[in-house]
Amino acid sequence: MREYNHKEIENKWRKRWTDADIYKTKEQKDKPKFYVLDMFPYPSGAGLHVGHPKGYIATDIISRYKKMQGFSVLHPMGWDAFGLPAEQYAIKNKVHPRIATDKNIATFKSQLEKISLNYDWNREISTTDPDFYKWTQWAFIQMFKKGLVYRSEEPINWCPSCKTGLANEDLEGGKCERCGSDIEQKPIPQWIIKITKYADRLLEDLDELDWQEHIKELQRNWIGRSYGAEIDFPIKGKGESIRIFTTRPDTIFGATYMVLAPEHNLVKKWIGEGIIENKEEIENYIQKAKNKSEIDRTDVTKEKTGVEIKGIKAINPARQKAGMDDVEIPIFIADYVLSHYGTGAIMAVPAHDERDFDFAQKYSLPIVQVIDCGEVPCTGPGKLINSESFNDKNSEELKEKITEYVDGKMTKTYRLRDWVFARQRYWGEPIPLIYCENCAKKDTGTNPNAGWHPVPEKDLPLTLPEVESYEPTGTGESPLAGISEWVNTKCPVCGAPAKRETNTMPQWAGSSWYYLRYIDPHNNDELVNKEKEKYWSPVDFYVGGAEHATRHLIYARFWHKFLYDIGVVNYKEPFQKLQTVGLIMAEDGRKMSKRWGNVINPDEIIENYGADTLRVYEMFMGPFDQAVAWSMDGLMGPRRFLERVFTLAEKLSEHSDEKLEKLLHKTIKKVSFDIENMKYNTAIAQMMVFAREAEKSNISKNDFIKFLKILSPFAPHITQELWEELDNPDFIMENEWPEFDEKKAKDEEITIGVQVNGKVRAEISLTPETTEEKARALAIEAVSEFVKDKEIKRFIYVPGKIVSIVV
RNA sequence: GCCGGAGUGGCGGAAUUGGUAGACGCGCACGACUCAAAAUCGUGUUCCUUCGGGAGUGGGAGUUCGAUUCUCCCCUCCGGCACCA
């Protein structure tokens with residue numbers, strides 16, 4: 001018996017396929033298209049471990065399957081290569097990050113090629129390539145021109161270890177997602193993108209997407225839209241007022257004090273005016289709040305603190321309008337109110353809000369119940385009380401009326417924050433903006449972007465200059481600020497001396513639109529050709545990690561919608577169907593990591609067991625979207641299966657047994673169905689059943705070839721080898737997917753269970769058309785045992801399913 | 001606290017609209033081959049059992065001839081959000 005020499009077979013075909021450029025995309029406009037995509041990786045220095053390719057293998061199977069079904073398939077790969085690790089490596093080893101990045105890309109690519117993933121490498125892209133980031137910069141400039149980008153000096157999340165500002169999405173529980181440091185608030189000049197302007201569309205368009213429901217839910221929660229009212233509370237004896245946001249305007253008669261966030265602008269103003277009696281105390285509190293890390297400040301378990309602003313009182317507008325006596329309420333600052341949510345100020349209704357209640361108890365503030373909903377604090381709806389003309393009516397129905405009554409307006413607010421878009425680091429796309437003092441002087445308005453101009457589009461890409469040191473400065477400026485010959489330039493509008501922006505874009509910039517570039521990767525005139533985009537978009541099937549649900553997948557949807565608005569793309573959403581991939585854990589149940597020393601390199605598996613075994617095993621491990629632990633023993637199952645298939649090729653017969661032929665049709669049907677539904681594990685199980693059965697029976701060459709075809713997306717090398725052995729000169733993946741005969745895929749006689757009083761007592765084989773089921777079922781001894789001497793109350797027969805007798 | 005998802009043999013898991021629970025794989029046991037071992041092949045493998053059966057899909061109730069699947073309550077684990085007004 002010959003041996004299954006995976007190494008020889010796989011090396012041979014890998015080379016032949018590459019030489020034939022077999023994976024090149026065939027853009028056949030007369031055929032239906034299918035765009036199947038992986039989330040492109042960050043090419044880290046460590047290379048791939050066996051977990052990485054799990055998703056890639058799945059898309060590879062779909063891609064091959066769709067090609068065999070006659071689709072015109074786009075299946076590309078590229079590199080999300082800007083980012084901190086390459087930069088840190090560069091700092092440590094005093095080499096340009098470009099060098100480390102190129103090396104890592106080469107490693108990754110060679111590892112992927114060993115698995116024979118059918119990527120069209122002619123369309124390879126990298127976010128760090130100037131021809132690519134030219135269009136990242138171009139899109140940013142369009143956003144700037146449309147007023148979606150603004151300059152801000154508000155405090156932002158700052159990671160003291162990475163020495164850069166971060167977006168809200170870059171935090172994980174108040175810590176830096178990358179390095180785990182506590183995040184501080186630091187006021188550094190920032191470029192911010194108004195992603196919140198798209199919040200409603202990001203929310204509403206989710207409904208039309210074919211994504212797993214829980215991922216949609218994550219995005220909905222992240223965006224966090226809530227409906228409520230904005231109401232002005234006048235300041236006593238001053239012509240100004242405090243605007244608050246509340247979801248419970250119905251409780252306004254119970255508002256007994258107010259709270260402003262420590263950063264609130266009015267507080268600054270009042271300190272400036274010198275009208276606060278306890279100025280020192282207030283300033284101390286503000287200072288303390290500032291020094292608290294984000295994680296301390298948002299710790300729910302901590303007791304709330306706050307300070308009353310003495311010398312200033314607010315008026316409860318509802319009580320005033322109703323002509324009630326006690327309308328004056330105190331104003332506090334407290335860090336449980338967040339400056340960036342709503343208006344940064346609240347009315348406190350201790351009777352109907354638990355936080356306000358805690359605070360009111362601590363500072364002995366009055367509690368006025370206005371809803372009859374039980375013992376305070378109670379937060380549910382109910383009949384209004386102590387609310388003058390609104391009494392006795394249901395609180396829910398009065399939200400709008402009461403808002404109107406106090407001249408407020410119904411509005412909505414979001415948990416989503418605008419996108420802090422600048423990083424004070426080297427290895428990213430330079431932000432293509434120029435500041436001209438001369439122009440700024442002429443701009444007398446309140447425009448926060450006064451004096452700022454985009455780099456003229458003809459000058460794109462604005463390439464990353466060489467620097468002496470890649471080290472972040474920590475001052476809020478990027479290393480680019482040190483290169484005066486790069487920084488100093490001319491104003492593109494007036495020609496006066498001007499300076500370049502020195503911050504770079506966040507890691508997420510390039511990945512927000514990269515999928516479009518694969519469609520037209522070498523276009524020098526446009527981001528993407530609109531006709532080509534119309535043909536290939538949207539991505540029909542997108543596979544990647546669930547951890548991107550509220551980062552990449554929100555940014556990319558936003559970026560795409562913007563491109564749609566300016567007419568660059570034809571469709572509103574980038575990714576029609578999304579499938580998340582479950583992690584592969586190490587054998588010890590932990591995440592694979594250098595730190596634990598439990599990493600398994602795919603190269604090693606391919607060397608010892610073969611790429612086909614690796615591919616089949618990773619798909620067989622369990623449900624695709626679930627995390628499973630790697631097992632060397634488990635790997636042997638798929639390996640034995642492939643050996644069995646290999647041996648089978650030597651014992652083909654003239655004809656297949658009828659029973660086996662039926663099993664083949666069943667198998668084709670199941671494998672096709674399962675591939676469409678991402679149920680690779682059961683598809684493989686079915687093929688294993690077939691192979692075992694075929695070993696015991698007679699199988700014809702023709703039928704064996706059909707089997708090879710349905711196995712080929714999973715195990716391309718071995719099936720190609722056997723295909724050639726059976727006198728086929730071409731490539732198996734370029735052949736048609738076999739069809740199944742529905743009649744043959746069905747059994748004539750089906751074995752079903754016979755139940756008596758709900759318990760299975762026997763089995764019976766019946767044809768679906770039979771009319772003798774009752775007589776035959778009762779004739780079985782095991783059944784008559786239980787039925788004799790008793791009256792049959794009911795006889796249920798569901799053809800093909802069950803016989804059920806009730807006595 | 002809120003929002004998702006999941007709990008099935010020794011293990012990974014299977015079970016399309018409610019219809020024979022445990023497919024397939026791993027592991028294990030026994031047997032064949034072998035001087036022996038590995039590999040391979042074959043048989044068995046949910047638990048209990050007085051061998052008649054009985055119990056069984058996290059726990060408890062319910063609907064049904066019939067529930068892993070549907071309804072209600074509870075427990076545990078995982079993921080996300082979390083002083084969001």
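Sequence lines set the chain letters: A, B, ... in the order given, protein chains first and strands last, and positions in each chain run from 1. What you see below is based on every heavy atom in this structure, not just the backbone, and it leaves out hydrogens, waters and symmetry mates.
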Does a nitrogen or oxygen in the side chain of K216(A) sit under 4.0 Å from OP1 or OP2 of G5(B)?
no

With heavy atoms under 4.0 Å as the rule, sort R692(A) into base, sugar-phosphate or nothing.
sugar-phosphate

NA contact type, R639(A), heavy-atom cut-off 4.0 Å: base, sugar-phosphate, or nothing?
nothing

Take atom C1' in C3(B) and the same atom in G13(B), then report the distance between them in whole Å.
28 Å

Could you tell me whether the side chain of E547(A) has a donor or acceptor atom within less than 3.5 Å of a complementary atom in the base of G79(B)?
no

Where the side chain of F245(A) is concerned, which of A85(B), U20(B), A55(B) is the nearest nucleotide?
A85(B)

At under 4.0 Å between heavy atoms, what does S804(A) touch on the DNA or RNA strands: base, sugar-phosphate, or nothing?
base

U17(B) base / K801(A) side chain donor-acceptor hit below 3.5 Å:
yes

Proximity to the side chain of Y341(A) - top-ranked nucleotide from A85(B), U20(B), C24(B)
A85(B)

Flag the pair K399(A) and E396(A) as a salt bridge only when some basic side-chain nitrogen lies within less than 4.0 angstrom of an acidic carboxylate oxygen.
yes

Reference residue Y257(A); test side-chain contact (heavy atoms from CB on, under 4.5 Å); the match among N316(A), I331(A), L365(A), V349(A)
L365(A)

Mind checking V337(A) for me? I need base, sugar-phosphate or nothing, with any heavy atom below 4.0 Å counting as a touch.
base

Answer with base, sugar-phosphate or nothing: what part of the nucleic acid does K759(A) contact at a heavy-atom distance below 4.0 Å?
sugar-phosphate

Quickly work out the Y797(A) OH to U20(B) C1' distance and round it to whole Å.
14 Å

Among A14(B), C83(B), A85(B), the one nearest any side-chain atom of T246(A) is A85(B)

Relative to each other, are the rings of H548(A) and H552(A) parallel, tilted or perpendicular (30° and 60° limits)?
perpendicular

Ionic contact status for E217(A) with R220(A), cut-off 4.0 Å
yes

Indicate syn or anti for G9(B), taking the glycosidic torsion and treating anything within 90° of 0 as syn.
syn

Over all strands shown, is V689(A) touching base, sugar-phosphate only, or nothing at heavy-atom distances under 4.0 angstrom?
sugar-phosphate

Base, sugar-phosphate, or nothing for F795(A), non-hydrogen atoms under 4.0 angstrom?
nothing

Ion pair present between E230(A) and K409(A), side-chain N to carboxylate O less than 4.0 angstrom?
yes

For I796(A), report the nucleic acid contact type (base, sugar-phosphate, nothing); a contact means any heavy atom under 4.0 Å.
base

Quick one: Y336(A) OH to G1(B) P, roughly how many Å, whole number?
21 Å

Assign E217(A) to base, sugar-phosphate, or nothing according to its heavy-atom contacts below 4.0 angstrom with the strands shown.
sugar-phosphate

Would you classify S226(A) as touching base, sugar-phosphate or nothing, given that sugar-phosphate means primed atoms plus P, OP1 and OP2, and contacts are heavy atoms under 4.0 Å?
sugar-phosphate

Select base, sugar-phosphate, or nothing to describe what D356(A) touches, counting heavy atoms under 4.0 Å on all strands.
nothing

F641(A) and F620(A): aromatic ring centres closer than 6.0 Å?
no

Using a heavy-atom cut-off of 4.0 Å across all strands, would you classify R761(A) as base, sugar-phosphate, or nothing?
sugar-phosphate

Under 4.0 Å, counting only non-hydrogen atoms across every strand here, what does E643(A) touch: a base, just sugar-phosphate, or nothing?
nothing

Using the C1' atom as the point on both nucleotides, what is the distance between G31(B) and U69(B), in whole Å?
40 Å

Per the O4'-C1'-N9-C4 / O4'-C1'-N1-C2 angle with a 90° window around 0, G52(B) comes out syn

For R640(A), report the nucleic acid contact type (base, sugar-phosphate, nothing); a contact means any heavy atom under 4.0 Å.
sugar-phosphate

